[in-house]
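In this chain, residues are counted from 1 in sequence order.
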Amino acid sequence: MSRSSPCMHSNLLLLLIVFAGLTLINAEKKFYIVYFGDRPESIEATVQTHQDILSQCGVDTEESIVYSYTKSFNALAAKLSEDEAQKLSEMEGVVSVFPNRYHKLHTTKSWDFIGLPQTARRQLKQESNIIVGLLDTGITPQSESFADNGLGPPPAKWKGTCLRFANFSGCNHKLIGAKYFKLDGNSDPDDILSPVDVEGHGTHTASTSAGNIVQNANLFGLAKGTARGAVPSARVAMYKVCWVRSGCSDMDILAAFEAAIADGVDIISISIGGVSPNYAEDSIAIGAFHAMKKGILTVASAGNDGPSQSSIVNHAPWIFTVGASSIDRGFRSKVVLGNGQTFSGIGVSTFDPKQQNPLVSGADVAKTAADKENSRFCIENSLDPTKVNGKLVYCKLQMWGSDSVVKGLGGIGTIVESMEFLDAAQIFMAPGTMVNDTVGYAINRYIHSTKTPSAVIQRSEEVKVPAPFVASFSSRGPNPMTQHILKPDIVAPGIDILASYTPLRSLTGLKGDTQFSKFTLLSGTSMACPHVSGVAAYVKSFHPKWSPAAIRSAIMTTAKPMSRKVNNDAEFAYGTGQVNPHRALSPGLIYDTDEMSYIQFLCHEGYSGKAIATIVGSKSINCSSLLPGQGSDALNYPTMQLSLKDTNEPTVGVFRRRVTNVGPAQSVYNATIKAPQGVEITVTPTRLVFSRALQARSFKVVVKAKSTAFKEMVSGSLTWRSPRHIVRSPIVIYKP
Ligand SMILES: *[C@@H]1O[C@H](CO)[C@@H](O)[C@H](O)[C@H]1NC(C)=O
Ligand SMILES: *[C@@H]1O[C@H](CO)[C@@H](O)[C@H](O)[C@H]1NC(C)=O
Ligand SMILES: *[C@@H]1O[C@H](CO)[C@@H](O)[C@H](O)[C@H]1NC(C)=O
Ligand SMILES: *[C@@H]1O[C@H](CO)[C@@H](O)[C@H](O)[C@H]1NC(C)=O
């Protein structure tokens, strides 16, 4: 979200790609992903089948195939004409054919803030057996966050590799794997064909999740502290799938999932996303399903398209979906006007000008009268250089980079006015800050009230701010695809996060920026995701045998509830609340789920046998033989969500759930229900008695509400309490 985060950057890239796509003519070949049914025993047989089927359609296999997926998936990626793709989709043995699409990319005080201090209890030996795999923009191997002081060789289960590549010095006992995936043939002059991180995003996310402890990390003296991941002793494997210009493509993402699963990672962290029409066309959902089959939890970012409703991505129920919340630190700069008036702006400006500079408004210094429309936004080529030289310029925000434009014309710096993006601190490449429209209005009035307006933007300072709240940019529910699964699952810090960065990019990536730093601040759900993947690794180091669903359940039911008062969208913004690493180690009860339950879920959702086969990687599934006649909300999910029918009759939702005892063998839990006004919620039984470890108990929650009882969305909760544990599940009721 922050300009220096790749999201904005990637939005732009996406536009360019779409534009390029429009100019293509139909006969031109494009990349497609072709899914086959069950995987034959041997890799050779799989490859042979692929080639036979393609040959039968008259496709030159040597020329066309770019990836053969044979380890987890039975699929391939190939460059095909529309005709060929159509023909293939009708072939016996092919379950589906989808065009390859591109996704976009969506820091350490934050650990202390959510209650995982450096002194936290650890299982060091187990922790060093945990491998966190990240699909991202690459990594900076020489970063101190990935130094291997004290770590032994990788755990024996590790099958991955790490080679030396261009501009990439290789791995060590901390960074144990690094690969890159790019076979779309587009050259990317701003990137390097190597796992090296030219962007900064992958270095940042990897160090947040599992980076080493680095003392005295800071950004030019700001945000000073100890940088570290959740699991400093865990290992890191980087799978580079995102490229500066071309973005992150489905076929590369699938290849990376397959490699990570085969290599033996424990947790997959993916801060990437894009809208998909359904799970069968979503490479991240498909990759995560195969990971889940092998006991690997995939943690993904919710997206940066909030606060629009239903903007959430990566919402498949086998994915752990993470939104972004704030921590209690902000960055403010004082703006002092020539008349002594002082305002506070938001942002990171590391410059320390001592004297007042002449101040102009972009609207008044257009190159020509016709440029005035653009000059008030300080857009490139709209400003008169002679009137900008040596001045501070006040502009409204339309696109990022006005500081680069102004500096390029010899200007001193910028005051940017915006009503959006004020959650996160932008980093400026010259003295600069962001103000809201009230302050902007006052500054503009001052500029026009004197002959010699002037101002100074002081160096930014850290301030304590109220927290946590959900970032405005964090994508919101309700789930656009499945009305009875609440998403996001959880939130974690994703605003102004300090973590490691690449030396290959300036802080802003803008022309003329000469600021480089080993650490930087980034914002986005991209930064929230590795907090939770790190906590998942932390939980796994205590409970190595837990399933992906169990780890997720432990983290969700122990999350710290957040306030509906400060977060309008309530659960649609924060899910179960803010991640609480300490409590997640000991949840008491877990809601476990296996592969077959997810297949049944897909059947209930109305997916065809072929679509399900595409996702789970098997022959066509016969749903009618799988459904034991349960309600559509039988998936054993740790949250509950009811969408109301638009009638005068009350809607009744029945949620069947099953919890497994992972606390003391003999435990008794009592239920507490919080029902919002106008909603009736009952649970039976109200008491669960366990006499041994891993014993499971079932219960049923019935929710009854009329759509006339309230406006859009209300929520309550079910909490199971024993003397030692609190297991909380939000219950959301909404009108779709
Ligand atoms: C990558 O390595 C090549 C060869 O050593 C060098 O010329 C180039 O400048 C490097 N690129 C970057 C971005 O460091
Ligand atoms: C605008 O920013 C100023 C300075 O930070 C603050 O006092 C004021 O409350 C803000 N106004 C609005 C409408 O957010
Ligand atoms: C699917 O399963 C049902 C119930 O077991 C069975 O009656 C039906 O014949 C099966 N359909 C196919 C195509 O195998
Ligand atoms: C659960 O309910 C029983 C019976 O009402 C009560 O005796 C017990 O103290 C309760 N336990 C907890 C943890 O609240």
Would you check if [X] and [Y] make a side-chain contact, meaning some heavy-atom pair closer than 4.5 Å?
{"X": "Arg101", "Y": "Ser276", "result": "yes"}
{"X": "Val348", "Y": "Leu219", "result": "yes"}
{"X": "Val241", "Y": "Tyr180", "result": "no"}
{"X": "Arg235", "Y": "Val132", "result": "no"}
{"X": "Leu134", "Y": "Ile270", "result": "no"}
{"X": "Val532", "Y": "Phe320", "result": "yes"}
{"X": "Phe473", "Y": "Glu420", "result": "no"}
{"X": "Val539", "Y": "Ile555", "result": "yes"}

State whether the side chain of [X] and the backbone N or O of [Y] hold a donor-acceptor pair below 3.5 Å, judged by distance alone.
{"X": "Asp496", "Y": "Leu521", "result": "no"}
{"X": "Ser474", "Y": "Val470", "result": "no"}
{"X": "Ser475", "Y": "Gly303", "result": "yes"}
{"X": "Asp437", "Y": "Gly440", "result": "no"}
{"X": "Asp136", "Y": "Gly138", "result": "no"}
{"X": "Asp191", "Y": "Val244", "result": "yes"}
{"X": "Glu462", "Y": "Ala223", "result": "yes"}
{"X": "Ser325", "Y": "Pro468", "result": "no"}
{"X": "Asn278", "Y": "Glu281", "result": "yes"}
{"X": "Asn314", "Y": "Ser301", "result": "yes"}

Next item on the list: With sequence neighbours excluded, tell me which residues meet ring pair (Phe, Tyr, Trp, His ring centres under 6.0 Å) with Tyr538.
Entry: Phe542
Item checked: ring pair (Phe, Tyr, Trp, His ring centres under 6.0 Å) partners for Phe572, two or more places apart -> Tyr734
Between [X] and [Y]: side-chain donor-acceptor atoms closer than 3.5 Å:
{"X": "Thr137", "Y": "Asp197", "value": "yes"}
{"X": "Thr525", "Y": "Asn304", "value": "yes"}
{"X": "Asp305", "Y": "Ser311", "value": "no"}
{"X": "Asp513", "Y": "Thr508", "value": "yes"}
{"X": "Ser500", "Y": "Ser143", "value": "yes"}
{"X": "Asn186", "Y": "Ser246", "value": "no"}
{"X": "Ser460", "Y": "Ser333", "value": "yes"}
{"X": "Thr414", "Y": "Ser402", "value": "no"}
{"X": "Gln309", "Y": "Asp569", "value": "yes"}

Checklist line | Stepwise side chain to side chain donor-acceptor pair (under 3.5 Å) check, Asp250 with Tyr102 | finding: CA-CA 6 Å; Asp250 280 326; Tyr102 286 83; over 6 Å; no
Next item on the list: Output, in order, the C-alpha distance, side-chain angles, deciding distance and verdict of side-chain contact (heavy atoms from CB on, under 4.5 Å) for Glu417 and Phe377.
Entry: CA-CA 9 Å; Glu417 177 195 316; Phe377 298 114; over 6 Å; no
Checklist line | Residue pair Tyr279, Trp318: steps toward the ring pair (Phe, Tyr, Trp, His ring centres under 6.0 Å) verdict | finding: CA-CA 11 Å; Tyr279 299 133; Trp318 49 89; 5.5 Å; yes
Note to self: Checking Ser715 now: which residues fulfil side chain to side chain donor-acceptor pair (under 3.5 Å) with it, not counting sequence neighbours?
What the structure shows: Arg564, Glu571
Next item on the list: List for me each residue that meets side chain to side chain donor-acceptor pair (under 3.5 Å) alongside Arg552, sequence neighbours excluded, and say none if there are none.
Entry: Tyr598, Tyr637
How many angstroms lie between atom [atom1] of [X] and atom [atom2] of [Y], to the nearest 0.5 angstrom?
{"X": "Phe469", "Y": "Asp328", "atom1": "CZ", "atom2": "CG", "value": "11.0 Å"}
{"X": "Asp489", "Y": "Ile319", "atom1": "CG", "atom2": "CD1", "value": "9.5 Å"}
{"X": "Leu135", "Y": "Thr205", "atom1": "CG", "atom2": "OG1", "value": "10.0 Å"}
{"X": "Thr350", "Y": "Met429", "atom1": "OG1", "atom2": "CE", "value": "11.0 Å"}
{"X": "Trp243", "Y": "Glu199", "atom1": "CH2", "atom2": "CD", "value": "12.0 Å"}
{"X": "Ile312", "Y": "Thr321", "atom1": "CD1", "atom2": "OG1", "value": "5.5 Å"}

Notebook entry, point to check: Can you check side-chain contact (heavy atoms from CB on, under 4.5 Å) on Ser344 and Lys334, steps first, answer last?
Noted result: CA-CA 5 Å; Ser344 165; Lys334 250 190 219 154; 5.8 Å; no
Margin query: Tell me every residue that passes salt bridge (Lys or Arg N to Asp or Glu O under 4.0 Å) with Glu712, counting only those two or more places apart in sequence or in another chain.
Written below: none
Margin query: Pair Phe421, Trp400 - check ring pair (Phe, Tyr, Trp, His ring centres under 6.0 Å), show working.
Written below: CA-CA 11 Å; Phe421 311 113; Trp400 303 116; 5.2 Å; yes
Item checked: Set of disulfide bond (SG atoms under 2.5 Å apart) partners for Cys529, sequence neighbours left out -> none
Next item on the list: Kindly check if the number of other-residue, nucleotide or ligand heavy atoms within 6.0 Å of NZ (Lys179) is above 12?
Entry: yes
Item checked: Gln398, CD atom: more than 12 neighbouring heavy atoms under 6.0 Å -> yes
Check: Stepwise, does the salt bridge (charged side-chain N to carboxylate O under 4.0 Å, His left out) test hold for Lys182 with Asp252?
Finding: CA-CA 6 Å; Lys182 187 180 198 315; Asp252 295 328; over 6 Å; no
